[in-house]
Amino acid sequence: MSEPVTDAELESYLDEALSEGRMAEVEDSLRDEEGLTRRLSAVAGRRDAGVHSLGAVWRRRRLSCPTREQLGSYLLGVLEPKHAAYVKFHVERVGCRYCRASLADLRAQHEAEEQTETVTRRKKYFQSSVGHLGGG
């Protein structure tokens, strides 16, 4: 049986900010527990009424998430060790879906840039060697 679902997790569930595994657990619990469905409705109602806690604002604005620049530095391995440890914790342990998606996007961009640089470099090598490769 999974851990009980807190109101903070229901807030995060509404924002789709839980880890994939926890999202699935909450969804399963919502199917099985009528009381949890009522609590989710109450949380959503408070949000719609404009009642916001400091924690809710913090989560919604993702204030604990590293910036995209920091994620890029982490990916390149140039982030200060304490910050790198936090990013690793945030992405791997907390499982922040936003930061994981951003890291995946940065990886894809980096790989595409590397491929473009490789093709450009090969063309330059070929062009610089034209005339030197004659049959002799």
Side-chain angles (χ1 to χ4, degrees):
M1 185 170 161
S2 64
E3 293 287 318
V5 180
T6 66
D7 284 355
E9 286 179 311
L10 290 174
E11 285 269 353
S12 295
Y13 174 80
L14 291 170
D15 293 332
E16 296 184 24
L18 294 174
S19 67
E20 293 174 24
R22 190 59 177 158
M23 283 289 282
E25 289 175 3
V26 171
E27 287 174 6
D28 288 343
S29 296
L30 283 167
R31 282 189 209 100
D32 298 338
E33 301 173 31
E34 189 175 318
L36 185 59
T37 305
R38 284 193 298 272
R39 282 182 43 217
L40 180 64
S41 295
V43 167
R46 284 193 303 268
R47 286 172 55 147
D48 291 345
V51 177
H52 304 285
S53 69
L54 180 60
V57 171
W58 187 276
R59 283 186 300 278
R60 195 167 303 126
R61 298 287 183 202
R62 296 189 312 274
L63 297 177
S64 61
C65 290
T67 65
R68 190 163 168 90
E69 181 179 325
Q70 290 169 330
L71 290 171
S73 295
Y74 172 76
L75 187 61
L76 295 173
V78 297
L79 201 57
E80 181 180 315
K82 286 183 181 181
H83 288 117
Y86 175 75
V87 172
K88 182 176 181 175
F89 170 80
H90 182 77
V91 171
E92 294 178 8
R93 181 82 168 154
V94 173
C96 177
R97 292 166 34 142
Y98 298 105
C99 291
R100 289 172 69 141
S102 191
L103 268 175
D105 181 51
L106 287 168
R107 276 190 192 97
Q109 283 181 358
H110 183 69
E111 289 171 5
E113 288 171 3
E114 282 184 339
Q115 288 176 350
T116 300
E117 288 174 9
T118 300
V119 168
T120 302
R121 192 176 317 115
R122 284 182 183 161
K123 284 182 182 177
K124 285 182 181 179
Y125 290 156
F126 178 75
Q127 290 171 349
S128 69
S129 62
V130 170
H132 297 287
L133 299 174

Is there a continuous path of hydrophobic side-chain contacts, each under 4.5 Å between heavy atoms, that joins Val94 to Tyr13? no
List for me each residue that meets side chain to side chain contact (heavy atoms under 4.5 Å, CB included) alongside [X], sequence neighbours excluded, and say none if there are none.
X	answer
Thr116	Thr120
Glu111	none
Arg31	Glu27, Asp28

Could you walk me through whether Arg22 and Glu3 pass the side chain to side chain contact (heavy atoms under 4.5 Å, CB included) check? CA-CA 9 Å; Arg22 190 59 177 158; Glu3 293 287 318; 4.1 Å; yes
For [X], all residues meeting side-chain hydrogen bond (donor to acceptor under 3.5 Å, both in side chains), sequence neighbours excluded:
X	value
Arg100	none
Glu114	His110
His83	none
Ser102	Arg68

Checking Tyr86 now: which residues fulfil ring-ring contact (aromatic ring centres under 6.0 Å, His included) with it, not counting sequence neighbours? His90
Just distance, no hydrogens or angles: give the donor-acceptor pairs under 3.5 Å from side chains in residues 37-45, sequence neighbours left out.
unit_1: Thr37; atom_1: OG1; unit_2: Leu30; atom_2: O; d: 3.2
unit_1: Thr37; atom_1: OG1; unit_2: Glu33; atom_2: O; d: 3.3
unit_1: Arg38; atom_1: NH1; unit_2: Glu34; atom_2: OE2; d: 3.0
unit_1: Arg39; atom_1: NE; unit_2: Asp7; atom_2: OD1; d: 3.2
unit_1: Arg39; atom_1: NH1; unit_2: Val5; atom_2: O; d: 3.2
unit_1: Arg39; atom_1: NH2; unit_2: Val5; atom_2: O; d: 2.6
unit_1: Arg39; atom_1: NH2; unit_2: Asp7; atom_2: OD1; d: 3.0
unit_1: Ser41; atom_1: OG; unit_2: Thr37; atom_2: O; d: 3.2

Output all residues satisfying salt bridge (charged side-chain N to carboxylate O under 4.0 Å, His left out) with Glu16, sequence neighbours left out; order by chain, then residue number. Arg97
Taking ILVMFWY side chains as joined if any heavy atoms are under 4.5 angstrom apart, and letting links pass through other members, which residues group with Val91? Leu71, Tyr74, Leu75, Leu79, Val87, Leu103, Leu106
Looking only at non-hydrogen atoms, find the nearest pair between Leu14 and Arg47 and report the distance. CB-NH1, 3.3 Å
